[in-house]
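Values below: all heavy atoms of this structure, side chains included; hydrogens, waters and symmetry mates excluded.
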Amino acid sequence: KGRLTFTLLIVATLLIPSTIILVSLFFVVWSFGIFGSLWGVIIPAAATPTGVFLLRQYMLTIPDELLEAARMDAASEWLIYWRIILPLSLPALSVLAILSVIWRWNDFLWPLIVLISDPEAHTLQIGLTAFSGEFNTDYHYILAMTVVLLIPVTLVFVWLQRFITTGIAT
């Protein structure tokens, strides 16, 4: 009951630009006491409406006959989840992992807001701004660091690319 309403609510949050919720998200991070740490950047971005929608749509394609057969074999719901649903949803989880890593790695505004008080904890994207001054911009340093920043995202993509192919084919 209420499954369609909840799904529509999650999809409706995709229509809200992230800059609109920055102030309320800032107060949530502040109240939890994780402002100024990397946890304040990581935790709010852990569950996104895009990820929930992607996983829901993918898990709807899992045949109900598999789940019913497992129930007939007296498997508990947790066992069904761990042994059937989770392995079958590895392609969707890997696509979501790649997208999440790319989105969080390239994020600039949220880490700038959360980590403004601690320059030692700045992310690499914020560190790129150190090469840009008011009167002088060192483009050669910016371009060199951009290439270095692309290496981890490229490695994650190469590591998970076999799941992407399976996920797109499915």
Exercise for the section: Could you tell me whether the side chain of Asp107 reaches within less than 4.5 Å of the side chain of Thr123, counting heavy atoms only? Expected result: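 No, side chains not in contact.
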
Exercise for the section: For Thr48 and Gly51, indicate whether the former's side chain and the latter's backbone hold a donor-acceptor pair under 3.5 Å. Expected result: yes

Handout entry: Backbone of Leu149 reached by a side-chain donor or acceptor of Trp105 within 3.5 Å
Key =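 Yes; judged by distance alone, with no hydrogens or angles, the pair exists.
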
Honestly curious: do [X] and [Y] fall in one hydrophobic cluster under the side-chain, below-4.5 Å linking rule?
X: Leu38; Y: Leu22; value: yes
X: Leu60; Y: Leu93; value: no
X: Val114; Y: Leu124; value: no
X: Leu109; Y: Leu25; value: yes
X: Leu66; Y: Leu79; value: no

Handout entry: Check against side-chain contact (heavy atoms from CB on, under 4.5 Å), Val95 and Tyr58
Key = CA-CA 11 Å; Val95 168; Tyr58 189 83; over 6 Å; no

Closest contact, heavy atoms only, [X] versus [Y]:
X: Pro49; Y: Leu14; result: CB-CD2, 3.6 Å
X: Ser132; Y: Ile142; result: CB-CD1, 4.5 Å
X: Leu55; Y: Ala92; result: CD2-CB, 3.9 Å
X: Gly36; Y: Ala121; result: O-CB, 4.5 Å
X: Pro44; Y: Val29; result: CG-CG2, 3.7 Å
X: Val41; Y: Ala45; result: O-CB, 3.8 Å

For the atom pair [atom1] ([X]) and [atom2] ([Y]), what is the distance rounded to the nearest 0.5 Å?
X: Thr19; Y: Trp110; atom1: OG1; atom2: CH2; result: 12.5 Å
X: Ile16; Y: Ile21; atom1: CD1; atom2: CD1; result: 7.5 Å
X: Asn106; Y: Gln125; atom1: CG; atom2: CD; result: 5.5 Å
X: Leu96; Y: Trp103; atom1: CG; atom2: CH2; result: 7.0 Å
X: Ile62; Y: Ile80; atom1: CD1; atom2: CD1; result: 11.5 Å
X: Phe108; Y: Leu112; atom1: CZ; atom2: CG; result: 5.0 Å

Practice task
Determine the interplanar angle of the Phe26 and Phe35 rings, folded into 0 to 90°, and report it as parallel if under 30°, tilted if 30 to 60°, perpendicular if over 60°.
Solution key: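 Phe26 and Phe35: perpendicular rings.
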
Exercise for the section: List in chain and number order the residues that pass side chain to side chain donor-acceptor pair (under 3.5 Å) with Gln57, two or more places apart in sequence or in another chain; answer none if no residue qualifies. Expected result: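 In terms of side chain to side chain donor-acceptor pair (under 3.5 Å), with neighbours along the sequence ignored, Gln57 is linked to no residue.
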
Problem - ILVMFWY clustering at 4.5 Å (side-chain atoms), partners of Ile151 - result: Leu155

Practice task
Can you establish whether the number of heavy atoms outside Arg83 located under 6.0 Å from its atom CZ is more than 12?
Solution key: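 Counting neighbours around CZ of Arg83, 12 or fewer heavy atoms of other residues, nucleotides or ligands fall under 6.0 Å, so no.
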
Practice task
Applying side-chain contact (heavy atoms from CB on, under 4.5 Å), run through Leu88 and Thr61 and close with a yes or a no.
Solution key: CA-CA 10 Å; Leu88 287 176; Thr61 64; over 6 Å; no

Practice task
Determine, step by step, whether Thr50 and Leu99 satisfy the side-chain contact (heavy atoms from CB on, under 4.5 Å) criterion, reporting the C-alpha distance in whole Å, the side-chain angles of both residues, the deciding distance to 0.1 Å, and the verdict.
Solution key: CA-CA 10 Å; Thr50 308; Leu99 290 175; 5.7 Å; no

Problem - Counterpart residues, salt bridge (Lys or Arg N to Asp or Glu O under 4.0 Å), relative to Glu68 (two or more places apart) - result: none

Practice task
Any pair with a residue in residues 112-137 that passes ring pair (Phe, Tyr, Trp, His ring centres under 6.0 Å), sequence neighbours left out, goes on the list, sorted by first then second residue, please.
Solution key: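 Listed by first then second residue: Phe131-Tyr141.
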
Practice task
Hey, could you give me each pair passing side-chain hydrogen bond (donor to acceptor under 3.5 Å, both in side chains) that has a residue in residues 2-12? Not counting sequence neighbours.
Solution key: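 Non-adjacent pairs meeting side-chain hydrogen bond (donor to acceptor under 3.5 Å, both in side chains): Thr7-Arg56.
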
Handout entry: All ring-ring contact (aromatic ring centres under 6.0 Å, His included) counterparts of Tyr81, not counting sequence neighbours
Key = none

